[in-house]
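Not measured: the values here are computed from a predicted model. First the proteins, then the strands, lettered A, B, ... as listed; each starts at 1. The figures here come from the full heavy-atom set of this structure, side chains too, leaving out hydrogens, waters and symmetry mates.
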Amino acid sequence: MSLRIYNVMSRQKEEFAPLTPGRVKMYACGITVSGDAHVGHAYQSVVFDVITRYLAYRGYDVTYVRNYTDVDDNIIKNANAIGVDPMRFAEEHIVTTDAQMDALGNNRPTVMARATRCIDDIIEFIKKLIDGGHAYVADTGDVYFKLDTFPGYGKLSHINLDKNEIAVRKDTEPGKQNELDFALWKSAKPGEIYWESPWGRGRPGWHIECSAMNMRFLGEQIDIHGGGRDLVFPHHENEIAQTESVTGKQFAKYWVHCGLVKINGQKMSKSLGNGILLRDMLAQYDADTIRFALLRNTYSNDIDITDDFFPVAHRHVYRMYSTLAAAKDADKSKVDDTKTAQKIAEITLEFESAMDDNFNTSHLIANAFGWFDFIDAELRKPQPTYDVKAIGEHIVKLFGVLNILQQDATKYVSDTKNAFLRDKNMSEDFINERIAERAHAKQERDFARSDAVRDELLAMGLSIRDTPTGTVWDVKI
RNA sequence: GGCUUGGUGGCAGAGUGGUUAUGCAGAGGACUGCAAAUCCUUGUAUGCCGGUUCGAUUCCGACCCAAGCCUCCA
């Protein structure tokens, strides 16, 4: 059994073998902080967080670098629009985004790189490209990558320059020798933020920063390069051109791209005004629910967020926590340790074979439904033959890779109930009074009245269930 | 126009050269005073046309359709 990863470069699943056995160097393109983080950013960050965690679970020593692009046209534009210094604008967005990513349950990457803190590396990198004949300085002070010096261009996105497959930009910048050349360094317009460079005052282009930060923090070659699928062309293609022109070596061994997020079947975009901000998601749902919803899909596929996307996930998460809470108190008098150990081994195998298959969290979660059904079935027995508490704890351990189900189950259940009551401005005493009233009516065989009470509670979103030990209530979520 | 990815049951969404996961919804049943909740059982699908094969949803080819990228984008 070994880990297989779908490599976008080769367009097939490949057995994972890092450059250095036991160690993984991974880079994922992070966010340009020109605005607030949205679901798409959340999805991508959760995907690479889970990948990092599974690699660690598999015993790899992982170095995960993730960048913030903290200077670009949109940042300058958006900062100017509200009269804030662009650097301060970026800084504030980074602080809030970090806090939101923490709240989402993501581990912090090993290195959180920032373009503006690597300006020297970027300048060095550009110098090397110029020295090697791969870049040129235009009269405007801009520096461009000379695309025809890199014959491998297009190998990731499979475009062919000879066939002129790229739609040519209409607003070609004046200093370019070839309209497909892309900017490495942009000269500063009057009043714009700038850094000193051998080519005058300016700032780095978008693509070069990732090449430079990779070089600085991970070296010439890395194992996994990730990002959203929309970055394949031109961003990642340009990164390859830059880095491999300097090193002459294969840049990344595996290219991993996660799918995009749609809202009710439509592409998320500013013009449609249908974006979902991470901040709003976190205000409405807990991190377990959000992660569960995002990870039910295969990472490489697009996600379509419909109205029941998160509510359904919340229901599943609540059910799983409820089961775990019940499992903690299960009767252990008839437990068979050998059978329990076998079950745990079986669960582990299902977990690993799903995750080994290109991090198939969708398959994993489908398997997990079976595990919880199993525990529920055992719990219905007066004396379970499996140690469901131990099985539950094992599942929790495995779910640590997704960073779901890591809260105290009893607390999660009661917190959910309390949040519901608070939301409805209702007290538990009220519910218990109603239950007592119903019991009284039932005793007098006044079923019309007992049913009325039940329907009333149901209408408020509460279900009640008669058990041998009495009537219990639960929230319908 | 080019490139890429994909087309699976009512919807969502996996795997698989031969009994087609899982979730939501549906049907029947158990339980119940009746329900709810829960559990059990169950129906329904692999875009179209060829090819390879004893056998294809799975492999190959053509076609149709959809989405993404080719401008900043996770």
Side-chain angles (χ1 to χ4, degrees), chain A residues 6 8 11 28-32 34-35 37-48 66 69 72-75 77 154 156-161 163-171 180 182 206 226-237 257-262 265-270 275 278 292-293 296-306 308-309 311-313 315-316 319 350 353-354 357-358 360-370 373 376-377 379-380 441-442 445-448 450-451 454-455 457-459 462-467 471-474 476:
Chain A
Y6 182 83
V8 172
R11 285 176 286 181
C29 291
I31 301 175
T32 299
S34 57
H38 54 64
V39 218
H41 299 126
Y43 182 38
Q44 192 258 27
S45 65
V46 167
V47 163
F48 287 98
R66 191 174 169 83
T69 297
D72 91 320
D73 291 343
N74 286 324
I75 293 172
K77 193 180 78 185
L156 181 67
S157 54
H158 307 99
I159 54 164
N160 188 339
L161 293 182
K163 291 187 182 167
N164 206 9
E165 286 170 353
I166 304 173
V168 177
R169 293 181 62 170
K170 295 172 186 83
D171 54 339
L180 297 178
F182 56 89
W206 176 39
R229 218 185 41 225
D230 51 344
L231 297 188
V232 173
F233 188 89
H235 185 56
H236 289 164
E237 203 68 76
H257 293 100
C258 97
L260 271 27
V261 174
K262 291 187 288 189
Q266 282 187 311
K267 189 191 167 181
M268 188 166 59
S269 76
K270 280 178 187 158
L278 179 51
F292 185 91
R296 270 195 83 181
N297 178 276
T298 313
Y299 77 82
S300 56
N301 285 355
D302 291 347
I303 282 184
D304 188 7
I305 298 187
T306 51
D308 62 355
F309 186 76
V312 168
R315 229 168 283 149
H316 287 304
R319 182 254 171 152
E350 285 183 7
S353 53
D357 180 19
N358 195 33
N360 194 333
T361 53
S362 177
H363 204 173
L364 162 61
I365 287 173
N367 288 338
F369 284 128
D373 285 347
D376 280 339
L379 285 171
R380 278 193 300 279
K442 277 178 69 168
R445 303 194 67 78
D446 183 356
F447 295 122
S450 70
D451 289 354
R454 188 186 60 210
D455 291 343
L457 291 173
L458 198 60
L462 295 165
S463 71
I464 53 175
R465 183 167 43 119
D466 298 324
T467 73
T471 301
V472 295
W473 67 273
D474 203 346
K476 274 171 69 89

Nucleotide nearest [X] (side chain, heavy atoms from C-beta), chosen from [options]:
X: A:Lys442; options: B:C24, B:G33, B:C72; answer: B:G33
X: A:Asn360; options: B:G68, B:G13, B:G15; answer: B:G15
X: A:Ile159; options: B:A74, B:C3, B:A35; answer: B:C3
X: A:Arg11; options: B:A36, B:U5, B:A74; answer: B:U5

What does [X] touch in the nucleic acid at a heavy-atom separation under 4.0 angstrom: a base, only the sugar-phosphate, or nothing?
X: A:Leu458; value: sugar-phosphate
X: A:Lys476; value: sugar-phosphate
X: A:Val261; value: base
X: A:His316; value: sugar-phosphate
X: A:Thr306; value: nothing

Worksheet item: Under 4.0 Å between a side-chain N/O of A:Ser34 and OP1 or OP2 of B:C72, yes or no?
Response: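 Answer no for this pair, as no side-chain N or O of A:Ser34 is under 4.0 Å from OP1 or OP2.
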**Prompt:** Distance check: side-chain N/O of A:Asn301 vs OP1/OP2 of B:A14, anything under 4.0 Å?
**Reply:** yes
A:Asp72 meets the salt bridge (Lys or Arg N to Asp or Glu O under 4.0 Å) criterion, sequence neighbours left out, with none
Considering only NZ, NE, NH1 and NH2 on the basic side and carboxylate oxygens on the acidic side, decide whether A:Arg319 and A:Asp373 come within less than 4.0 Å.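 Here A:Arg319 pairs with A:Asp373 in a salt bridge, since their nearest N and O are under 4.0 Å apart.
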Contact string for nucleotides 40-47 of chain B, one letter per nucleotide 5' to 3', B = base within protein heavy-atom range under 4.0 Å, S = sugar-phosphate only, - = neither, reads --------
Pairing string of RNA chain B (Watson-Crick or G-U wobble, both atom distances under 3.5 Å; | = paired to other strand) is (((((((..(((.....[...))).(((((.......)))))....(.(((..]....))).))))))))....
(Q) Using a distance-only criterion (donor-acceptor N/O pair, under 3.5 Å, no hydrogens), is the base of B:C34 paired with the side chain of A:Arg454? (A)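 Between B:C34 and A:Arg454, which were checked side chain against base, a qualifying N/O pair under 3.5 Å is present.
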(Q) Given the structure, check if the side chain of A:Asp451 and the base of B:G33 hold any donor-acceptor pair shorter than 3.5 Å. (A)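 Flag set: donor-acceptor pair detected.
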Under 5.5 Å centre to centre and under 30° between planes: does that hold for A:Phe447 and the six-membered base ring of B:G33? yes
